[in-house]
Structure formats: C-alpha cells, structure tokens
K.L.:
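Below is one structure. I have some questions about it.
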Amino acid sequence: MNKKTITVKRLPKDPGPAAWNQVLTQVPGYPELERDIQADWLIIGGGFTGLAAARRLAQLVGDERIVLLGAAQLANGPAGRNSGFMIDLPHELNSETYAGAHEQDLQQIRLNRAAIAFAAGMAQEYAMDAKVFDPCGKTTAAGSDKGIAHIESYRKHLDALGEPYEMRSPTEMKSWTGSDFYRLGLYTSGAVMIQPAAFIRQAANGLSNQVDIYENSPALEITQGDVHLVKTPKGQVRAKNIILAVNGHIQSFGFYPRQLLHVFTYASMTRALSQDEIKRLGGVSDWGILPADPMGTTVRRFSDYRGSGDRIVIRNHATLNQSIEANTSNMKRAARLQDQSFANRFPMLEGVEMEHRWGGRLCLSWNSMPAFGEVETRIWSACCQNGLGTVKGTLAGMMAAEQAVLGQSELLSLFLNHQQPKQLPPEPFLSLGANMTMRWKEWQAGIEL
Ligand SMILES: Cc1cc2nc3c(=O)[nH]c(=O)nc-3n(C[C@H](O)[C@H](O)[C@H](O)COP(=O)(O)OP(=O)(O)OC[C@H]3O[C@@H](n4cnc5c(N)ncnc54)[C@H](O)[C@@H]3O)c2cc1C
C-alpha cells in the first residue's frame, strides 16, 4: 500500500477551564503514551463520539485490542464543558425554531433516541446516578413576547410531528426556577440532563477494563499502511483500523477542507451558593432551561454533587472562529453578556460572582450534515456533530464502529441517508458574514439573551 503520511496541522485549544470537571474532586487520570504499542482499533478523541465508538467496538469485537488517545484530559475537552442537554427532538441551531424538514426530523428523532438509549445503557452499566445522568426531559422557556412567539411555532412543529409536550405557566416556571423571568415554558419528556464531565469520566472509567486509554497524548502524524502508524509526542501506535472522533479537528487531519464551520460558544458558572442565597433564590434544586430563541441563553442550576456546591451555569454568545481558536475579546464579550443575562434572571442573587468562565468548540456544517465515513482505507471519520454532540456524537461513534465492523445494520442504513457537508463560501466573506449575522440575531433575541 502507498505510504501516505498525514501530519496533524493543529491541536485543540480550549479557552478557560472545563468548569464541570473543575468542580469535581480531582482523581488520577489515564497515563500518557510513552512507548510503542499495537492495536486492532485506535480511536483518536475521547469525547462523546470516541467513548461511544469504544463501547460499541467493545460490544462487537471485545476480544480485539482497542486503544483510545485523547489530546488532553478527556473531561477537559468540549465534552466536559457543555451544558449537558441530551436532546431527542430536532435541534437545528441555525434554524429560527430548532426545526428542520418534516421527514428529516422524524428520522433524526429516531436516530437521536437510539443514541440516548445507548448512553442510558452506559449510565446503567457504569452505575451513574441521577446527578450524572437524569432522564428528566427538557424545558424550553421564554421571557419575552418574541420568545413566546418562538415557543408557539415550536409547539406547532411538535404537533405536526405528533410529539407530546406540556405547557408551563409563569407561576409554574417561578416555583420551579425561583425566577420571575420566564413567562412560558414548554416541556418534553425525552431528553436527558447530564453532568457532562462526570458522564465522560464515569464512561471512560467503565470502559477502561476493555479499552486502553491514554490522555495528554495527541496524535501528531498518521502514516498509512496495511497497519497504520500513529505518532504521539512520546510514543506510537501501530493500528489496523482508526476512528477519528475529533469533531472539528478532523480538518486539522486534512479532511473536509472548506466544509466545516468552527463555532465557539461560551459559559460562566457561579461560585457555590450559600444557604442564604439558595433560600433567597427559591425553586427546586436542579433544573435546566433551553432558550426559546436559539440565540438566547441556556441556564442550569445544579445541586451539590460530591462537594461541587450548588451553582448556576449561564451559556450564550457564539462566534465563528475558522482558526479553531477563540480569542480574549471573544471571552470578554461573552462574560459581559452573561453577567447581564444572570442579572436579568436572578436579581435576588445580586453580588454572586462567576467563579469560572470558559468557551468551547462546536463544529457545524452549512447543511447540518455530519462529516462521516471511511476517509482513507480503514480510517473512519465520525465528526461534525452540528452542536448537539452529546447525542449526535454518541450516534456517530456507534455508527462508525458498526460501519467498520459490520459494514451494515438497520440503524446504519437510516443514519447513512445523509449528504456530505456542503462547500462553504470563501473567506473573508464567510467569517465576516457569519459573525455579523450572529451579532444581528443576538441583538434581535433581546432579553432572551
Ligand atoms: C458551552 C457549550 C455548551 C454546549 N451545550 C451542549 C448541550 O447542551 N448539548 C449538546 O449536545 N452539545 C452541547 N455542546 C456541544 C458539545 O459539547 C459538542 O458537540 C461535543 O462535545 C462533541 O463531541 P465529540 O466527542 O464529537 O467531540 P469533542 O467533545 O470535541 O471531543 C473530541 C476530542 O478529540 C480530541 N482531539 C482533537 N484533536 C486530537 C488529536 N490530534 N489527538 C488526540 N485527540 C484529539 C479533543 O481534545 C477532544 O477531547 C456545547 C458546547 C459548548 C462549548
């Protein structure tokens, strides 16, 4: 076989701490790869996608050697820094109402539910409790007339899909969240809320007796052959098969050029609330809200989990950074917006500071399609999760393992019914246009932000 070498152009950089991981008790992680090893299967990337691929491979070819490489600590990447909503229903971030086309939506719901069932299997097998994996459903909520109009059109879309929901009145929203801000809520039951870093850690721990995991071991180079050779800073892996589970960084491996949008979104987490502040806030101890307007603010309140304390997390703002790096001015702007959103929703918590602020990568495509398939002989890409990686990453990981081992399956034939990510407009028009459009949509979102 022709020995082509792929040099990895860029390694991931994640701005700020992965706060969900930071608030957990620190435990020893996995070793760095410091020698030469062999594997039947090498998974590069240990987020939702990589861990799902590892688990599906362990189910299908458990007697073969499976190795997983993470560029940093697994729970410090985007998988450990997201808002933790595993959503079964269509959730197109670049649509006005999260909705897509009808047939596509029905197919997506089926696939998303298969992925959530797979994740639920992990939660059960690896003994995750309800603070880590809570099948409590999700609430989309609005605080303005505009937001209510978004909920109304989302509701019509759910009617058309035959999906049940329950409406929540302002009084119900207040007794649930403690905040007067929300004027309408729409609850659906199929979503799961996770503590994302705890989920990643516990999933990795559960898999670690079947999969050899190495952290702080980025893949730097792949030389293709009958057995591929993958170099890391201090070691190398000779692997028959490779699954690339690196989301947007698939482009750093040279694949899907000019087809992927690298979007950063940002979040802040309060310090632990005091007993007096918890009392002043009111409401229940754990809840999460998705914004009615896709450009609005996601909020989560969570109660103490193994010493984390009770805290609130606020997420909003999005920027397109085709360099796959966010800068300090992006972070500063996000911090300003989040402080305002927090003050709008929680005036009773005036003076509560944000202890952690961070940003994280999403990878989208223009037509919301994944970057999936065999990109070179026995090298599969399971990337581009279009902003919903908890679910779509889990699905892509399962599907990559099934495609590589089985060639076909019922779920795979449904999943493969998609197009390739569309070519993007050229720079600088793309970045200027996309960032201007996002700023405009944020402005239009008004107090939903
Ligand atoms: C603030 C925020 C909130 C979000 N909220 C949600 C939400 O509520 N629900 C939801 O579904 N999604 C959410 N997301 C998106 C979600 O986090 C991502 O879609 C998801 O993490 C993608 O999963 P993944 O496993 O495909 O990729 P990642 O989680 O990005 O994992 C890929 C891993 O590959 C590693 N890697 C990259 N290059 C290399 C290399 N050369 N060698 C080795 N390893 C490498 C990276 O270090 C990374 O750990 C949010 C994201 C952010 C930032």
Side-chain angles (χ1 to χ4, degrees), residues 6-16 18-20 33 42-53 68-88 91 93 112 115-116 119 138 191-194 196-197 199-200 203 214-222 230-233 237 242 244-253 262-269 288 290 298 300 313-318 324 326 334 338 357-364 370-372 381-397 400:
I6 298 167
T7 304
V8 178
K9 288 195 232 44
R10 238 185 266 112
L11 292 179
K13 283 195 184 160
D14 300 305
W20 292 100
L33 181 66
L42 172 64
I43 298 162
I44 302 180
F48 297 100
T49 308
L51 294 175
L68 185 148
L69 295 179
Q73 268 199 337
L74 302 191
N76 271 346
R81 52 180 65 221
N82 62 73
S83 303
F85 285 87
M86 289 192 132
I87 300 170
D88 57 332
H91 195 76
L93 293 183
N112 288 354
I116 292 176
K138 72 165 172 64
V192 175
M193 285 209 294
I194 58 171
F199 178 88
I200 291 294
Y214 295 92
E215 291 184 322
N216 301 309
S217 306
L220 301 178
E221 194 182 280
I222 304 177
V230 177
K231 289 193 178 155
T232 66
V237 188
I242 299 176
L244 294 168
V246 293
N247 208 14
H249 273 284
I250 188 70
Q251 223 159 42
S252 307
F253 287 75
H262 303 288
V263 172
F264 278 72
T265 187
Y266 305 85
S268 299
M269 183 185 278
L290 287 163
T298 305
R300 272 190 72 172
V313 180
I314 293 269
R315 185 218 56 85
N316 62 31
H317 195 44
I324 331 191
Q338 284 154 19
R357 299 200 192 264
W358 70 98
R361 282 168 279 126
L362 312 177
C363 176
L364 314 181
F372 183 91
S381 165
C383 298
C384 188
Q385 316 308 357
N386 285 289
L388 193 64
T390 60
V391 174
K392 291 188 180 180
T394 301
L395 182 67

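Start at 1 and go down the list; that is how both ligands and their atoms are numbered. Everything quoted here is computed from the prediction, not taken from an experiment.
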K.L.:
State the atoms of ligand 1, each with its element, that fall below the 4.0 Å cut-off from a heavy-atom position in L11.
P.N.:
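Taking each heavy atom of L11 in turn, ligand 1 has 41 (N) under 4.0 Å.
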
K.L.:
Give the residue, atom name and distance (to 0.1 Å) of the protein heavy atom nearest atom 39 (C) of ligand 1.
P.N.:
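It is V246 CG1, 3.7 Å.
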
K.L.:
Does P196 approach ligand 1 within less than 4.0 angstrom via side chain, backbone, both or neither, non-hydrogen atoms only?
P.N.:
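The answer is neither; P196 stays 4.0 Å or more away.
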
K.L.:
Would T390 count as a polar contact of ligand 1, with the cut-off being nitrogen or oxygen pairs under 3.5 Å?
P.N.:
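Between T390 and ligand 1, an N or O pair is found under 3.5 Å apart.
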
K.L.:
For atom 52 (C) of ligand 1, find the nearest protein heavy atom and state the residue, atom name and distance (0.1 Å precision).
P.N.:
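Checked against all protein heavy atoms, atom 52 (C) of ligand 1 sits closest to T265 CG2, 3.5 Å.
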
K.L.:
Would you say G70 has any N or O atom under 3.5 Å from an N or O of ligand 1, going by distance alone?
P.N.:
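There is no such contact.
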
K.L.:
Where is the nearest protein heavy atom to atom 1 (C) of ligand 1: which residue, which atom, and how far?
P.N.:
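Heavy-atom neighbour on the protein nearest atom 1 (C) of ligand 1: R81 O, 3.3 Å.
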
K.L.:
Of F48, F85, W358, which has the heavy atom at the shortest distance from atom 7 (C) of ligand 1?
P.N.:
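Among F48, F85, W358, the closest heavy atom to atom 7 (C) of ligand 1 belongs to F85.
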
K.L.:
Does T49 use its side chain to pair, donor to acceptor, with the backbone of A245 at less than 3.5 Å?
P.N.:
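No; judged by distance alone, with no hydrogens or angles, the pair does not exist.
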
K.L.:
Does L74 offer a backbone N or O that forms a donor-acceptor pair with the side chain of E215 under 3.5 Å?
P.N.:
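Yes.
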
K.L.:
Under 3.5 Å between some N or O of ligand 1 and some N or O of G389?
P.N.:
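Yes, G389 has an N/O under 3.5 Å of an N/O on ligand 1.
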
K.L.:
On a heavy-atom basis, which atom in V391 and which in I87 lie closest, and how many Å separate them?
P.N.:
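Looking at all heavy atoms of both residues, the shortest contact is CG2-N, 3.4 Å.
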
K.L.:
Compare G288, G45, P15, A382 and give the one whose heavy atom is closest to atom 35 (C) of ligand 1.
P.N.:
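The nearest heavy atom belongs to G45.
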
K.L.:
Below the 3.5 angstrom mark, is there an N/O of G387, backbone or side chain, next to an N/O of ligand 1?
P.N.:
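Looking only at distances, the answer is yes, because the N/O contact criterion of under 3.5 Å is met.
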
K.L.:
If you count the atoms of ligand 1 from 1 in the order shown, which ones are under 4.0 Å from a heavy atom of Q385?
P.N.:
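Those atoms are 26 (O).
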
K.L.:
Starting from atom 5 (N) of ligand 1, locate the nearest protein heavy atom and write down its residue, its atom name and how far away it is, to 0.1 Å.
P.N.:
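Result for atom 5 (N) of ligand 1: S83 N, 3.0 Å.
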
K.L.:
So is G77 polar-close to ligand 1, meaning N/O to N/O under 3.5 Å?
P.N.:
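No, since none of the N or O atoms of G77 sits under 3.5 Å from an N or O of ligand 1.
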
K.L.:
At what distance is the nearest protein heavy atom to atom 45 (C) of ligand 1, and which residue and atom is it?
P.N.:
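The closest one turns out to be A71 CB, 3.5 Å.
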
K.L.:
Considering only heavy atoms of G360, which atoms of ligand 1 have at least one such atom less than 4.0 Å away?
P.N.:
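Result: 53 (C).
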
K.L.:
Please check whether A79 reaches ligand 1 - meaning an N/O of the residue sits under 3.5 Å from an N/O of the ligand, judged on distance alone.
P.N.:
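Looking only at distances, the answer is yes, because the N/O contact criterion of under 3.5 Å is met.
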
K.L.:
Go through ligand 1 atom by atom and flag the ones less than 4.0 Å from a non-hydrogen atom of F253.
P.N.:
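With F253 as reference, the close atoms of ligand 1 come out as 41 (N).
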
K.L.:
Take atom NZ of K13 as the centre, draw a 6.0 Å sphere, and report whether it contains more than 12 heavy atoms from other residues, nucleotides or ligands.
P.N.:
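Atom NZ in K13 is not crowded, with 12 or fewer foreign heavy atoms closer than 6.0 Å.
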
K.L.:
Taking the side chain from T265 and the backbone from H317, do they hold a donor-acceptor pair closer than 3.5 Å?
P.N.:
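Yes.
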
K.L.:
Enumerate the atoms of ligand 1 whose separation from the nearest heavy atom of P78 is less than 4.0 angstrom.
P.N.:
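Those qualifying, in numeric order: 17 (O), 21 (O), 29 (O), 30 (O).
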
K.L.:
Which is closest to atom 16 (C) of ligand 1 in terms of heavy atoms, N82, L364, N247?
P.N.:
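Checking each option, the heavy atom nearest atom 16 (C) of ligand 1 is found in N82.
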
K.L.:
Tell me if a side-chain donor or acceptor on S268 pairs with a main-chain N or O of R357 at a distance below 3.5 Å.
P.N.:
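No.
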
K.L.:
Can you tell which part of P12 has a heavy atom less than 4.0 Å from ligand 1: side chain, backbone, both or neither?
P.N.:
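Side chain only.
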
K.L.:
How would you list, by chain and number, every residue that makes a salt bridge (Lys or Arg N to Asp or Glu O under 4.0 Å) with R361, sequence neighbours excluded?
P.N.:
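R361: salt bridge (Lys or Arg N to Asp or Glu O under 4.0 Å) contacts with D14.
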
K.L.:
Can you check whether I194 reaches F85 side chain to side chain, under 4.5 Å on heavy atoms?
P.N.:
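When only atoms from C-beta onward are counted, F85 and I194 do not touch, as no gap falls below 4.5 Å.
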
K.L.:
Any non-hydrogen side-chain atom of P78 less than 4.5 Å from a side-chain atom of N247?
P.N.:
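Side chain of P78 against side chain of N247, heavy atoms only: no contact under 4.5 Å found.
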
K.L.:
Can you tell me the protein heavy atom closest to atom 32 (C) of ligand 1 and the distance?
P.N.:
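Protein heavy atom with the smallest distance to atom 32 (C) of ligand 1: A245 O, 3.4 Å.
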
K.L.:
With a 4.0 Å cut-off on heavy atoms, is F264 in contact with ligand 1?
P.N.:
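Flag not set, F264 not near ligand 1.
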
K.L.:
Would a distance-only check, ignoring hydrogens and angles, find a side-chain to backbone donor-acceptor pair under 3.5 Å from W358 to A19?
P.N.:
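No.
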
K.L.:
For the side chain of Q73 and the backbone of G70, is there at least one donor-acceptor N/O pair under 3.5 Å apart?
P.N.:
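No.
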
K.L.:
Show the atoms of ligand 1 that are less than 4.0 angstrom away from any heavy atom in A219.
P.N.:
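Atoms satisfying the 4.0 Å criterion: 40 (C), 41 (N), 42 (N), 43 (C).
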
K.L.:
Heavy-atom distances under 4.0 Å decide this one: backbone, side chain, both or neither, for L362 against ligand 1?
P.N.:
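The side chain, only.
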
K.L.:
Look only at the side chain of T7 and the backbone of E221, and say whether a donor-acceptor pair between them is shorter than 3.5 Å.
P.N.:
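Side chain of T7 to backbone of E221: no pair is present.
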
K.L.:
Say whether S83 and R300, considering side chains only, have a donor N or O and an acceptor N or O under 3.5 Å apart.
P.N.:
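No, no side-chain donor-acceptor contact under 3.5 Å.
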
K.L.:
With sequence neighbours left out, write down each residue that passes side chain to side chain contact (heavy atoms under 4.5 Å, CB included) with A18, or none if nothing qualifies.
P.N.:
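Scan of A18 (side chain to side chain contact (heavy atoms under 4.5 Å, CB included), adjacent residues dropped) gives N21, N76, R81.
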
K.L.:
Should you measure from each heavy atom of T49, which atoms of ligand 1 turn up under 4.0 Å away?
P.N.:
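Those of ligand 1 that fall under 4.0 Å from T49 are 24 (P), 25 (O), 26 (O).
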
K.L.:
Taking the side chain as every heavy atom from C-beta outward, state whether Q338 and Y266 have any pair of such atoms under 4.5 Å apart.
P.N.:
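Q338 vs Y266: side chains touch.
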
